[in-house]
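First up is the structure itself, then whatever we jot down about it.
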Amino acid sequence: SAEKPDIVHEVPLYGDKIGVWCTMRGKRIIGPIFFQNTVDSLTYVNTDLTSFFRELTGREHDFSFFQ
């Protein structure tokens, strides 16, 4: 065609994604935490780590290692 089309159809490059974070210990599972947004360091600390540390018992808090 000699004419330029005026219709633009945008399609996302990737489909929607959901992230899941959880902690598995010998006796129990902490989580899961679901998120749909991109996780940066601020989100990771405020959402994932804060929720994780709140779930720990006193003994787990005193005698566990986090990597």
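Both backbone and side-chain heavy atoms feed into the values below; hydrogens, waters and symmetry mates do not.
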With sequence neighbours excluded, what pairs up with [X] under the side-chain contact (heavy atoms from CB on, under 4.5 Å) test?
X     : value
Val20 : Pro32, Phe34
Pro12 : none
Phe52 : Trp21, Thr23, Ile30, Leu56, Phe66

Counterpart residues, salt bridge (charged side-chain N to carboxylate O under 4.0 Å, His left out), relative to Arg28 (two or more places apart):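 If we apply the salt bridge (charged side-chain N to carboxylate O under 4.0 Å, His left out) test to Arg28, skipping adjacent residues, the hits are Glu60.
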
Which residues share a salt bridge (charged side-chain N to carboxylate O under 4.0 Å, His left out) with Glu55, sequence neighbours left out: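 Partners of Glu55 by the salt bridge (charged side-chain N to carboxylate O under 4.0 Å, His left out) criterion come out as none, since no residue qualifies.
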
Remaining members of the apolar cluster that contains Leu42, side-chain heavy atoms under 4.5 Å: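 Hydrophobic cluster check, Leu42: no partners found.
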
Residues clustering with Phe63 (ILVMFWY side chains joined when closer than 4.5 Å, directly or via others):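 Cluster partners of Phe63: none, it stands alone.
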
Residues forming a side chain to side chain donor-acceptor pair (under 3.5 Å) with Thr43, sequence neighbours excluded: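 Residues passing side chain to side chain donor-acceptor pair (under 3.5 Å) with Thr43: Asp40.
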
Single-linkage hydrophobic cluster Val45~Val39, side-chain heavy atoms < 4.5 angstrom: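 Linked, Val45 and Val39 end up in one cluster.
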
